[in-house]
Amino acid sequence: MKNTANFYEQVYELVKLVPKGRVTTYGAVAKSLGMSGSSRMVGTAMKHAHDPSLNVPAHRVVNRTGLLTGKHHYQTPTEMQELLEKEGIIVIDDQVQDFERKFWNPLVEL
DNA sequence: GTGTTGACCCCAA
DNA sequence: TTTGGGGCCAACA
């Protein structure tokens with residue numbers, strides 16, 4: 001059993017399911033996959049997800065406060081915010097506005 | 001093989 | 001309100 005690779009795939013699949021104009025959190029994804037407590041792994045997985053062939057919208061994943069913690073890992077520091085605003089999400093000072101409303105909970109929606 | 005780091009989260013003071 | 005400490009586990013040096 002190769003659970004590590006499987007976990008990454010599950011993360012990618014779940015993130016792909018996030019609707020346009022919505023965002024989710026690392027913790028929610030981790031918990032949804034039964035890895036509650038290991039939220040860092042989701043972030044680590046995202047770092048490896050920069051590959052365009054994976055087609056993973058990592059910009060829709062933020063930390064629990066709605067802060068764009070991963071923006072510095074993009075090619076440009078503003079790319080993540082640009083992508084979010086293009087989808088109708090307001091981002092001010094790396095902070096998602098109306099985060100509670102924009103939040104997409106996989107545990108509830110699925 | 002060991003030690004440190006990190007796109008995180010939770011709780012206490 | 002802001003800080004600090006613990007936990008979690010893969011990736012990296």
Side-chain angles (χ1 to χ4, degrees):
Chain A
M1 293 257 308
K2 299 180 276 185
N3 283 335
T4 53
N6 194 287
F7 170 69
Y8 275 50
E9 250 189 67
Q10 289 184 57
V11 172
Y12 299 148
E13 289 298 311
L14 191 60
V15 173
K16 284 183 195 173
L17 294 177
V18 178
K20 186 179 181 182
R22 291 293 199 87
V23 292
T24 188
T25 69
Y26 301 99
V29 173
K31 189 174 183 180
S32 160
L33 297 179
M35 293 287 288
S36 164
S38 303
S39 318
R40 303 190 114 167
M41 303 301 91
V42 179
T44 307
M46 291 287 96
K47 189 171 62 171
H48 269 264
H50 68 75
D51 192 330
S53 60
L54 293 172
N55 204 8
V56 178
H59 58 273
R60 292 181 189 154
V61 185
V62 295
N63 70 348
R64 85 146 181 113
T65 63
L67 195 67
L68 280 63
T69 53
K71 64 175 291 182
H72 281 106
H73 290 263
Y74 280 77
Q75 295 180 339
T76 63
T78 57
E79 183 176 326
M80 189 173 185
Q81 180 172 337
E82 291 286 325
L83 288 169
L84 287 172
E85 290 190 335
K86 193 191 291 185
E87 296 185 354
I89 299 175
I90 311 300
V91 178
I92 300 177
D93 193 33
D94 303 340
Q95 176 69 42
V96 176
Q97 302 302 302
D98 291 321
F99 177 64
E100 290 184 18
R101 231 157 50 111
K102 304 289 185 181
F103 177 61
W104 182 80
N105 191 339
L107 294 172
V108 175
E109 301 292 337
L110 297 182

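Side chain of A/Y12 to backbone of A/A45: a donor-acceptor contact under 3.5 angstrom is found.
Within a heavy-atom distance below 4.0 Å of DNA chain B, the residues of residues 43-65 of chain A found are A/G43, A/M46, A/K47, A/A58, A/N63, A/R64.
With a 6.0 Å radius and a threshold of 12 heavy atoms from other residues, nucleotides or ligands, A/R64 has its CZ atom at or below the threshold. By the neighbour-count criterion of 12 heavy atoms within 6.0 Å, atom NZ of A/K86 is sparsely surrounded, having that number or fewer from other residues, nucleotides or ligands.
Once you apply a 4.0 Å limit to the heavy atoms of chain A, the touched nucleotides of DNA chain B run 5' to 3' over B/dG6 to B/dC10. Taking a heavy-atom distance under 4.0 Å as the criterion, the stretch of DNA chain C touched by chain A extends 5' to 3' from C/dG7 to C/dC12.
A/K102 contributes atom NZ, which lies 12.0 Å from atom CZ of A/R60 (distance to the nearest 0.5 angstrom). Note: A/M46 CE to A/T69 OG1 = 11.5 Å, rounded to the nearest 0.5 Å. Taken to the nearest 0.5 Å, the CG atom of A/D93 stands 10.5 Å off from the CG atom of A/L68. Annotation: the span from A/L33 atom CG to A/Y8 atom OH amounts to 12.5 Å, rounded to 0.5 Å.
B/dT4 and C/dG6 are spaced 15 Å apart, taking the P atom of each and rounding to whole Å. B/dA7 and C/dT3 have their C1' atoms separated by 23 Å, given to the nearest Å.
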Exercise for review: Report the C-alpha separation of A/E9 and A/N6 in whole Å, then their side-chain angles, then the decisive distance to 0.1 Å, and conclude whether the side-chain contact (heavy atoms from CB on, under 4.5 Å) test is met.
Suggested key: CA-CA 5 Å; A/E9 250 189 67; A/N6 194 287; 5.5 Å; no
Point to revise | Step-by-step side-chain contact (heavy atoms from CB on, under 4.5 Å) determination, A/H48 to A/L54 | key: CA-CA 10 Å; A/H48 269 264; A/L54 293 172; over 6 Å; no
Exercise for review: Might you work through the side-chain contact (heavy atoms from CB on, under 4.5 Å) test for A/F103 and A/T24, ending with a clear yes or no?
Suggested key: CA-CA 5 Å; A/F103 177 61; A/T24 188; 4.0 Å; yes
